Each structure stands twice: as structure tokens, then as C-alpha cells.
Amino acid sequence: MSQFRIPGKGRVKHDEKVTFSFDGRRYEGLRGDTVASALLAHGIHLMGRSFKYHRPRGPVTADSAEPNALIGTSRGAGRFEPNTRATVQELREGLMCESQNRLGALSFDLGAVNDALHPLFPAGFYYKTFMWPRSFWDRLYEPVIRRAAGLGRAPSEVDPDRYASRYLHTDLLVVGGGPAGIAAALEAARAGVRVTLVDETPEMGGSLLSDPEVEIDGQAAWDWLAAALDELRARGVRLMTRTTAIGYYHQNMIGLCEKLTDHLDTLPENAPRERMWRVRATRVVLAQGALEKPLVFHGNDRPGVMLAGAAQSYLHRWGVKVGERAVIVTSHDSAWHAAFDLAEAGTKIVAIVDTRAALADELRAEARVRGIEVLAGHTVTGTRGRLRVASVTVNPVENGRVGDPRMLHCDCLLMSGGWTPSLHLFSHTKGSLQWDEASRTFLPGRMTEDCHIAGAGRGLWGYLDALSDGAEAGAAAARALGHAVEPTGFAVAHDRPGTGESHKELPTDRRSHRVRAFVDFQNDVTAKDLRLAVREGMRSIEHVKRYTTNGMATDQGKMSNINGLMIASDAVGKAPPEVGLTTFRPPYTPTSFGAFAGYKRGATFEVTRATPIDAFAEANGAVFEPVSLWRRAWYFPQGGEDMEAAVARECLATRGGVGIFDASTLGKIEVAGPDAVEFMNRMYTNPWTKLAPGRCRYGVLLGEDGYIRDDGVIGRLSDDLFHVTTTTGGAARVLNMMEDYLQTEWPDLDVWLTSTTEQWATVALNGPKAREVLDGLVEGVDISAEAMPHMSVAECRVAGFRARLFRLSFTGELGFEVNVPARHGLALWEALMEAGKPHGITPYGTETMHVLRAEKGFIIVGQDTDGTVTPDDAGLGWAIGKKKPDFVGKRSLARPDLVAGGRKQLVGLMTEDGAVKLEEGAQIVLDPDQPKPMKMVGHVTSSYRSATLGRSIAMALIEDGRAREGETVHVPMPDGVVRAKVTSTMFYDPDGERLKL
């Protein structure tokens, strides 16, 4: 048995030993231990080094707020994790742990030289030190800073673990499995509410696990807890342990991270390590309790100095005494109860040092019974001990004056500065906080979400108050959900409500420049640093935070923020609420990247969307390319063809016969409603009022700046229904833009927007034989040239499937686009392929589509435009409704810079040597002999080899491009300067006769 382990005490399994290692040395713990409790059971307090000064550090807490005891953990190759809190990591067989932030051995850290030189490293020293000489930055400063930056050792191997994610909908989510949270869950569940209760620890109970002497409704605390949890399970409540609520987002969306396997000796096959839950709750109860505050005094950071509540937890939960001789320093009653519990477990309580002169008679009497010396109205002015506290200096304080010192020998110093409500999650919602002068802390104020805060989280101390408040919160949530319920009452014996007073820092007899009273333990921020920051001009608490790094540790300021605020506000000379708190941001505790990534790793790191026709392309040897999030067939090689040969064949087959193309990735949006046409008039540059049902129009969408954002063909299916197509990559962006205007600018319009991209599979038939392929497959509409002219749309049946049939073309040939429900997409494709066999039907991919459209001068938004191109620049001035009163971007089109001469305009380019193909993106100059730097007048946007034309073609944006038609420009290329003639963008069938076949 370990020296500091109490046989039979705690909730660990004393009959089940677990072996682990720390810094290469083997230790034994018990099942249910954390790394911290197991090491403390062996008398080991030194578990790490601080970031800046490499000072020896041990655990301060027994929970996830721990700033000091950070370790690296591993269970084999690729499974190393830095910055794991030893106070949270459960023991498992074979767990390998290592201390962090040390140079050499943990007990003899060469980096501790920084501590000896601490006067050279005051707050903000790096802002001043690394400014001069400038030449030192690259050679000295940056390399040194990069080596010193960060905590722990970053993993270098691929993580072999799996991570999962789930969605959950619940009526009530209760965050915190302590007395208030359990009472809330019980009350709501009894009313018939669907409840989910989460807690970050391995078992529910919260503070009750550290206080077994309390009695609730005539039962010992642990017995009542077991019965309550059994009832919750019986009522169907989802109980989630090892689950941290990491973020509280808009409309009651809460992110939960559930640890699944870190505590297991062996990993189940294919089991995820962690699971991210995205929970949408109708109501939320936050019952996260409160965080015990450290006291700020000289030497408060030595190993063996920890929170009194943490020592009580180690005793009752893990059966571990944190020392043989303890001194308690406190300003709150709760530490007295911890002292009493430790005394009864065999720890010698040397003294209880209380900063308050007036103490409750009951507390003094309890101390007297146990033979504990009480030093009321005293302060702590220092500690001693190299790797663990060995003594503490205490002084009386009378009328503000610090008296003569007295040394008390101890091996642990337990402190308590009172309790701070845990409001991190509440702060994520942008709810307001209110300063409570009586308790000298912030409490929750205005709510922005449908949530309730219960128990210590809103400043209530004591089990009766916490239970009663939790029950009321659960009942209130149930009533909000339509259930009639009144909260249940509780009877509590041996309650420990407690009171206290708050200090910014303890009085001292030392000179201010010699006091090293730590506020942020991890980052080595002292009270002196905070006051220096204020003297050097930092008035905002956010500036003080960044200048000193206070609260920027992995504990997110849980241990330091309130003390830091109190000190900063005193230095500024303002009340704490005037100075305010720094912003709490998710996640609540450090969370692995794997949990956020979930299934998105390797091949699934970026979602790849496939069309219903993807299986055909794969089976027929297509080469694929990513387009936005889609996987699209790039080209279909045959008989060993390279891309150039395959594309040439596909182009000639389409121009001469018929080609078939999978266009399912096109964005599709339905605009419906009585005001649909008015909405379209306002969104797009074109007029839509006179467009008859059954007809289509090419539409251009601008941003407010007047630049092209998207384009596409739009069909009017009826007076109040438009089928809008967008570019593949622009579908989500266009829908978001439309929704934004509809909701914020034109809420009076009676319009509904629906994304239908995934609803329809789209197959394009192009070529002079396209109609012959469709003949016999179309029912309900005449597709002759006279009955269905170019830019028409009809609802009919194709190959037996309900369809929206468009007659349009992105190739310049006779063309049709057939839209059928996505589930029928592959069957339609196969039917068209079968019908097209006699006509030599040829599948083609995106590269051929690009060549065919370029031959006709059709633009691709994002390739031939760059975010600074207007419709006129792109040769689309005809698409602007001249008589329209307004549309998005219209006013910007009149800006002087958009109508000025010299703008870049889209034109065609034909190289003098047709065999030379220009590089896309290549810059264009007028005079290749001009002195450097050359003036660039434009760039190549699209460039292809055209099998149809027997030469290369290109499109480019050139200053005054249309006025330069017929001129020769020069394009510097890797092999020399290429001469090219400026032409129209329409290289093929400029009169559009082939569209009318």
C-alpha cells in the first residue's frame, strides 16, 4: 500500500491494482485513480514545470481546472497526447506518462536558470527586447522564440485512433452532474420531460463525492446519490459521464465531447476514442457549480500548495492524504471542513490560518475538539521548500499592519479564497454578467438563450440551497415545456453552507519588488506583473491579459481570472465591474483536434460528393477531378489515350454527332411564391417580368459592389415558380445571398427559397444528333425546333421518369438538359446511352466541356472572372436590364471607377503559331522590349487546344481589350515571348446557327 493511501477509503477499487509509469519509473495505483491521485498516494507532488520560469509545480486542483499538473500520455505508437491534465487522466494498465516543459530531469531542470534571472523577464519584456537590432530577428530571436513556444511535445506520428460524431435532440439538457444538476434532472424527468444529464467526470455526484458525511432525505450522501441515479435511469434519462460541454452556441446548440476509451486497458476493435455530440436542446440547465479560488501570496506556487477542496476530494474520492502535516490558509469556511476531514483521516493539521478576525463559534469549537490551532486575522507572507513546500511563514494582521512572522513546518499547504461561479458556458451565449458586491464575484445576469442556471453556478452555497435551486430549475424547464409541476423539497443534515471574504492578494511584510505572488500558475504571471502592465498603460482588462498572458493558459483562466481582475481593477483605481472580465470562448477545456475532425480524416477529411451517375463514370474508366466538393469525371480515356487525345476525341464527337455530359453538380434553387418574379427582378441584372412560363433566360448575379458573383440559366415554370441554376461551386453561396436579402432587406416579399441541387440529376445532351437521341424517350411535349425553340423549358416525362426538360446549350450545339429525380439519374443516363448507340453517343467530361464552351466564348465565373469583373467587362452588358428601377449592384455599376476607360475586358487570343498553347494565368504585355519592370496589361484566363478549330485558343482580361481587337500582344512564357492576336471571344459559330437546329 502506498504511503499516503488510506485502506478502504474513497471510491477506488482497492482490490484492483493498475501499473503505470511516470518519467520512465514504474508505479502502482488503483482502478479509479487519476494519474494525480496515484502519484500523490506515493507522496509525489512534483509533476511539472511552469512555462516561463520553469519553477517546480504540483497539482493545485483535483479536476479539469488544473493549470499545473500537465503531462504527456501515451499508449503506443501514434497515441501520444501532450498537455493532458494529470488530475483528469484516469489510470489504465500500462499508461505511460511524462512530465513536460523541462530541460533535463524534472527534479533538476536546467531551464530553471530563467527563475534565477526573473528580474530580466518582467511582463511584456518580449515586446521590448525583440525589437532591436532588427537583423537579430531572423537569425536569433525567431528561432529561440519558436523553440521556447508552446507547452508539451507536439505529436509527430499519424494518429491511428478513430473519432466519431453524433447529433442529439433532447427536451432538456442538464450540464453538471452535481447535486443541483441531479435535482434538476429528477424534477424534469418525473414530469415526463425527455432529459439528458452530462458530466465531465467518470461518475455523477459532483461535490457529493467529496462530502460523504452529508445526509439528504435521511440517507447518507452516497446512498442518496446511488438511489437518485437509479431513478434517473429508470425514467429513461440519458446519463453521459466523461462528457464535457465544451461550447454553448446559438439557439441552444451545445457541443459535447465524450471520452470513450482513454480509461480502458485495451482498445476495443474499431472503437472511437472520442465522440463529438452536437446537441439541440429545447431547454438547458447549467449546473456547473463553482471553482475554488487560490489565494495570492508570496510562494503560493510550490508543489504541495493546493486548494483545500482538492485535498478533500483526494481524500474522499481516491482515499489519498495529500500530506502528513498540513497548514490551512483560508478566507472561507469551506476550508475548515476540509481540515476537519483530513484530521480525522490522520493528517496532522498544524494550524488553520484564517484571514478573518471574526470567526463562527461552531468552527472554533470543532477545531478545538480536534486539537487544531486557529490563527485568526493572520496572513501568509511566504513559503519555503525546493521541490515541495516545507514551511510557511504566517503573520498577524491588525488594523492593516502586518505583525511579526512565525514559521510553521508542513508538507502541504491547503488554501481557499472562496468560490467563483463557473460561468464559462453561460458566457459563450453572450449573456450578461452582473457584479455581486457582497460576494465579490460575477453572477449570471440577462439570458440570451432558453436556459436556467442552478446552484453554486449562480452564487448559492450549501447542499440544501443547491438541491432546492436545482429542483426549481428543473421544474421551471418542465413548465416551459408544457408540464404542470412544482419542485420537490429536500431535508439536508450536516449541511456546510459557509461564508467568506474575498482578497485581491494577501497582506505581506515584504517589499513589493521582492514579492512573487503568482496569479496564473502555468504562465508564471504574478500580481506584480499585473500592476506593471497597468503602470505601462494597459487599462483594458483584455490588454492586461495579453500583455501579461494572464488567463491565456490551458485552464482558460479558471484559476486566475477573478484574482487577476481584482488586482488589475485595484491598480487602475476602478471597481471590478467597470474593468470587466476577459472573454470566455469555447472550448471550455482543451479538446483534441481529432474530436473536432470526427470522421473527416484521410480520404474523408474533405467531404467528396458524388453524383448519381458517378458509378457509370467509374466503371468506364473516367479520370476524375475535384470541383468544389464534387468528384467529377474529367475525361474518358480509351485505348491508352492521354488527356489531350481523349479531349480532342470527345470534342469532335460532340460537334459532329452527340455527346452526353453529367451536369448534376450544377446548383439548383427553386424560387417560389406570389412575389417570386419581383424577387428575381431585384436579385438579377436581367428583367424577368415578361419572361413567359416555359421560357428560359441567362441570368447574371452581382454583388453590392457591382462585380459578377454568379451566373446561370433560369427557367420560369409558372407565374410563381422559377428553376434557378448556378455554378457548381456557387450553389451554397448564391442561396445564402438570396436568403440574406430576403430576410434582412425584403422581408415583405412572399417568397420561398429551396435548394434542390441534390433533388435533381441533370444529364446534358449536345450535338446535332441530340434530338434524334431524345425522340421516342420524351412524353408529353413536342421537342421539335418549332415547338420547343432554344431557351425553352417544359415539364414532361423522359425515359418514363418525371422530368424538367430544358432546351439550352453550354457548347454552342443543339442541346438539351434533362432533370429527373436524383434516384433515377443513373437509369436515365443508361437509357440515353442505349438510345444514342446508333448515333455514336460519346460521354465527355469537364475538360471537354471547358473547351467546347471556350470555343463559343461562354464564360466560367471564377475562371474568366476574378471578383473585379463587371458584366460589361465580360461582354455581358446586354444582360443588364436598362429599364429596371433597381437590382443588387446596380448603383455600384455607376461608380466612376467602373465606367472609367482602361478597365480590363474579356477578349479572345489567338497565338500566331496555332500549335502554341498559352499558359492560364500568364501575364500579358504590349511591348516585350520595354524596360523592367514591365507593365502588365492583363492575364490569360482560359487556354485550350481546340480540335474543332485545329489550333489553340485562349481568353484573357486585357485593359481596353475590345478596343484592341486585331492588335498583337505579347505573352512572356517559360520558353520565350509568344505573340498573340486579340480577337472576339466567339471562335466558333459566331452567329449561333447551330443552336437553332
Side-chain angles (χ1 to χ4, degrees), residues 611-613 616-617 620 633 636 649-664 666 668 692-698 713 715-717 723 725 760-845 848-849 852-853 856 948 988-989 991-997:
T611 74
I613 303 162
F616 172 90
N620 285 270
F636 291 83
R649 174 180 51 77
E650 292 170 10
C651 286
L652 293 174
T654 302
R655 293 283 186 217
V658 60
I660 184 169
F661 177 68
D662 180 7
S664 302
L666 284 175
K668 295 174 273 291
R695 298 292 293 166
C696 304
R697 182 164 290 164
Y698 172 76
V713 174
R716 190 170 189 177
L717 300 175
H723 179 115
T725 63
W760 298 102
T762 305
V763 179
L765 283 175
N766 285 280
K769 297 183 179 179
R771 186 179 289 109
E772 295 175 47
V773 174
L774 275 177
D775 275 341
L777 293 179
V778 177
E779 304 172 45
V781 65
D782 183 353
I783 62 170
S784 66
E786 297 75 17
M788 192 176 193
H790 181 59
M791 298 300 276
S792 298
V793 59
E795 295 189 278
C796 58
R797 300 188 75 83
V798 178
F801 307 120
R802 179 173 62 89
R804 288 179 179 175
L805 178 63
F806 289 77
R807 182 179 168 190
L808 56 87
S809 174
F810 196 47
T811 64
E813 301 294 337
L814 168 67
F816 295 88
E817 285 186 4
V818 188
N819 292 263
V820 298
R823 64 185 182 277
H824 301 311
L826 183 58
L828 170 70
W829 180 278
E830 292 171 343
L832 291 171
M833 287 292 295
E834 184 65 27
K837 279 183 180 178
H839 310 287
I841 192 168
T842 301
Y844 65 89
T848 295
M849 178 267 290
L852 295 174
R853 65 89 196 174
K856 278 293 294 180
T948 304
Y988 173 79
D989 188 26
D991 297 326
E993 293 301 320
R994 297 182 67 85
L995 290 172
K996 304 171 186 177
L997 294 177

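Keep in mind that this is a model prediction, so the values were computed, not measured. For the single chain, residues carry numbers from 1 onward in sequence order.
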Could you tell me which non-hydrogen atom of [X] sits nearest to which non-hydrogen atom of [Y], and how far apart they are?
| X | Y | answer |
| --- | --- | --- |
| Asp662 | Ser664 | OD1-OG, 2.8 Å |
| Asp782 | Met788 | O-CB, 3.5 Å |
| Lys856 | Gly812 | CG-CA, 3.5 Å |
| Gly715 | Val793 | CA-CG1, 4.3 Å |

Taking the side chain as C-beta and beyond, is there a heavy-atom pair between [X] and [Y] under 4.5 Å?
| X | Y | value |
| --- | --- | --- |
| Thr848 | Cys651 | yes |
| Arg823 | Pro612 | no |
| Met791 | Leu995 | no |

Quiz item: Taking only residues two or more places apart in sequence or in another chain, which ones pass salt bridge (charged side-chain N to carboxylate O under 4.0 Å, His left out) with Glu650?
Solution: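 Scan of Glu650 (salt bridge (charged side-chain N to carboxylate O under 4.0 Å, His left out), adjacent residues dropped) gives none.
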Quiz prompt | Arg771: partners by salt bridge (charged side-chain N to carboxylate O under 4.0 Å, His left out), with sequence neighbours left out | solution = none
Quiz item: Any sub-3.5 Å donor-acceptor pair from Thr725's side-chain atoms to Val713's backbone N or O?
Solution: yes
Quiz item: Between Arg655 and Leu852, is there a donor-acceptor pair closer than 3.5 Å when you use the side chain of the first and the backbone of the second?
Solution: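 Such a contact is found between Arg655 side chain and Leu852 backbone.
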Measure the spacing between [atom1] of [X] and [atom2] of [Y] and express it to the nearest 0.5 Å.
| X | Y | atom1 | atom2 | result |
| --- | --- | --- | --- | --- |
| Ile783 | Leu774 | CD1 | CG | 4.5 Å |
| Glu772 | His839 | CD | NE2 | 5.0 Å |
| Leu777 | Cys796 | CG | SG | 10.5 Å |
| His790 | Arg994 | NE2 | CZ | 14.0 Å |
| Leu717 | Arg804 | CG | CZ | 4.5 Å |
| Lys996 | Ser809 | NZ | OG | 13.5 Å |

Quiz prompt | Phe661 and its ring pair (Phe, Tyr, Trp, His ring centres under 6.0 Å) partner, picked from Tyr844, Phe810, Phe636 | solution = Tyr844
Quiz item: Does the side chain of Thr811 pick up a donor-acceptor pair with the side chain of Arg853 at under 3.5 Å?
Solution: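 There is no such pair between these side chains.
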Quiz item: Quick check: are there more than 12 heavy atoms from other residues, nucleotides or ligands sitting under 6.0 Å from CZ of Arg695?
Solution: yes
Listing, residues 824-835 side-chain donor-acceptor contacts under 3.5 Å, not counting sequence neighbours, or none:
from	atom 1	to	atom 2	distance (Å)
Glu834	OE1	Lys837	NZ	3.2

